[in-house]
Amino acid sequence: MIDFGRVQKELQECSRDMAASGIKVSPKSDNLARLVGTIPGPIGTPYEGGTFQIDISLPDGYPFEPPKMQFATKVWHPNISSQSGAICLDILKDQWSPALTLKTALLSVQALLSAPEPDDPQDAVVAQQYIREHQTFLGTARYWTESFAKASSLGVEEKVQRLVEMGFAEAHVRSALEAVGGDENLALEKLCSG
């Protein structure tokens with residue numbers, strides 16, 4: 001059985017520290033076994049400025065079994081599946097300890113955003129890009145953050161529309177925006193320079 005008393009305490013602890021940590025955990029509904037975690041993208045990374053949602057499912061054995069976590073927000077990272085949001089992190093698997101909490105697990109996920117481990121990838125394509133074409137990786141990760149993890153994400157389609165209206169092909173517009181991390185002016189320069 002899940003220790004719901006402990007889960008309640010953990011949710012209260014996260015609420016108290018939210019201003020300092022930026023990490024939030026709240027129930028998806030009345031069921032405390034299904035939660036949503038929110039973490040801010042770490043400063044100095046391509047994820048900076050983004051807010052990432054993580055679906056959390058607590059197994060019956062929690063806290064003796066690790067919580068199941070996966071990104072609901074799409075993210076471009078070697079240790080996170082770009083398709084499913086699955087996370088490759090040891091403390092969510094064999095290194096879990098009942099001494100850890102949902103907050104410490106989310107802090108570890110946030111730290112993973114800062115320090116990818118491409119040698120132990122969840123997404124091999126992203127890991128190869130991280131290793132072989134690091135600048136392209138950074139541009140793509142920034143673009144995905146702009147597109148999926150910011151409140152102004154809807155702005156991406158507007159940017160595409162504006163640039164297409166200038167006479168550029170949509171496919172070229174999207175790849176230019178992706179290459180420059182979603183900056184419309186830089187994308188326009190790139191499109192104009194051929």
Side-chain angles (χ1 to χ4, degrees), residues 14 21-25 28 33-59 61-150 153 156 171 174-183 186-187 190:
C14 281
S21 69
I23 290 176
K24 183 174 146 194
V25 180
K28 253 189 173 169
R34 308 270 302 137
L35 308 165
V36 177
T38 307
I39 59 172
I43 293 167
T45 72
Y47 313 104
E48 183 176 347
T51 302
F52 297 88
Q53 287 207 326
I54 295 164
D55 284 332
I56 304 169
S57 300
L58 301 180
Y62 184 81
F64 299 101
E65 291 175 39
K68 291 178 175 36
M69 294 188 176
Q70 71 180 58
F71 274 81
T73 307
K74 285 176 76 73
V75 61
W76 190 256
H77 187 285
N79 308 107
I80 300 156
S81 168
S82 59
Q83 303 300 309
S84 69
I87 304 166
C88 181
L89 183 63
D90 57 359
I91 67 154
L92 295 178
K93 296 189 177 83
D94 57 342
Q95 295 301 307
W96 173 258
S97 152
L100 298 170
T101 63
L102 294 170
K103 182 180 167 196
T104 53
L106 288 169
L107 283 167
S108 296
V109 171
Q110 186 184 41
L112 184 65
L113 288 178
S114 296
E117 296 189 23
D119 298 331
D120 185 21
Q122 175 72 37
D123 194 310
V125 172
V126 181
Q128 285 305 308
Q129 188 186 65
Y130 181 90
I131 294 165
R132 295 192 176 137
E133 302 170 51
H134 197 70
Q135 287 312 115
T136 305
F137 162 79
L138 292 172
T140 306
R142 268 193 298 272
Y143 177 75
W144 278 43
T145 300
E146 285 288 329
S147 300
F148 306 116
K150 292 195 174 177
S153 292
V156 171
R174 288 189 187 279
S175 73
L177 277 168
E178 191 168 326
V180 297
D183 185 308
L186 289 175
K190 191 173 179 61

Are any side-chain N or O atoms of D123 and backbone N or O atoms of S82, one a donor and one an acceptor, separated by less than 3.5 Å?
yes
Under 3.5 Å: donor-acceptor pair, side chain of Q70, backbone of S84
yes
Quick one: OG1 on T38 to CD1 on I23, what's the gap to the nearest 0.5 Å?
9.5 Å
Check Y47, F52, W76, F71 against W144 for a ring-ring contact (aromatic ring centres under 6.0 Å, His included) and give me the one that passes.
W76
Minimal non-hydrogen separation, L92 against P67, with atom names:
CD2-O, 3.9 Å
Looking at K24, I want to see if its NZ is surrounded by more than 12 non-hydrogen atoms of other residues, nucleotides or ligands under 6.0 Å.
no
Looking at Q129, H134, Q128, which hits side chain to side chain donor-acceptor pair (under 3.5 Å) with R132?
Q128
If you look at every heavy atom in C88 and L112, which pair is closest and at what distance?
O-CD2, 3.8 Å
Between Y143 and A176, is there a donor-acceptor pair closer than 3.5 Å when you use the side chain of the first and the backbone of the second?
no
Is the NZ atom of K190 crowded by more than 12 outside heavy atoms at less than 6.0 Å?
no
Decide side-chain contact (heavy atoms from CB on, under 4.5 Å) for M69 and L102; before the verdict, give the C-alpha distance in whole Å, the side-chain angles of both, and the deciding distance to 0.1 Å.
CA-CA 10 Å; M69 294 188 176; L102 294 170; 4.2 Å; yes
Where do N79 and P121 come nearest, in terms of heavy atoms and distance?
ND2-CA, 4.0 Å
Once you round to the nearest 0.5 Å, how far does CZ of R142 lie from OG of S147?
12.5 Å
Rounded distance (nearest 0.5 Å) linking atom CG of L106 with atom OG of S21
9.0 Å
Check the pair H77 / I87 against side-chain contact (heavy atoms from CB on, under 4.5 Å), numbers first and verdict last.
CA-CA 10 Å; H77 187 285; I87 304 166; over 6 Å; no
Nearest non-hydrogen partners of A86 and Q122, listed with the distance:
O-CG, 3.5 Å
Show the nearest heavy-atom pair for residues T104 and T101, with the distance to one decimal.
OG1-N, 2.7 Å
Treating E48 as the side-chain partner and G44 as the backbone partner, does any N or O pair qualify as donor plus acceptor under 3.5 Å?
yes
Among L113, T73, V126, whose side chain to side chain contact (heavy atoms under 4.5 Å, CB included) with I80 holds?
L113
Taken to the nearest 0.5 Å, the spacing of K150 NZ from T51 OG1 works out to 9.0 Å
For P46 and T145, work out which heavy atoms get closest and say how close.
O-OG1, 3.1 Å
Please check this pair: side chain of Q110 against backbone of P40, looking for a donor-acceptor N/O pair closer than 3.5 Å.
yes
Can you tell me how far OH of Y130 sits from CD of E117, rounded to the nearest 0.5 angstrom?
9.5 Å
Distance in Å, E133 CD paired with Q135 CD, rounded so as to fall on 0.5 Å steps
11.0 Å
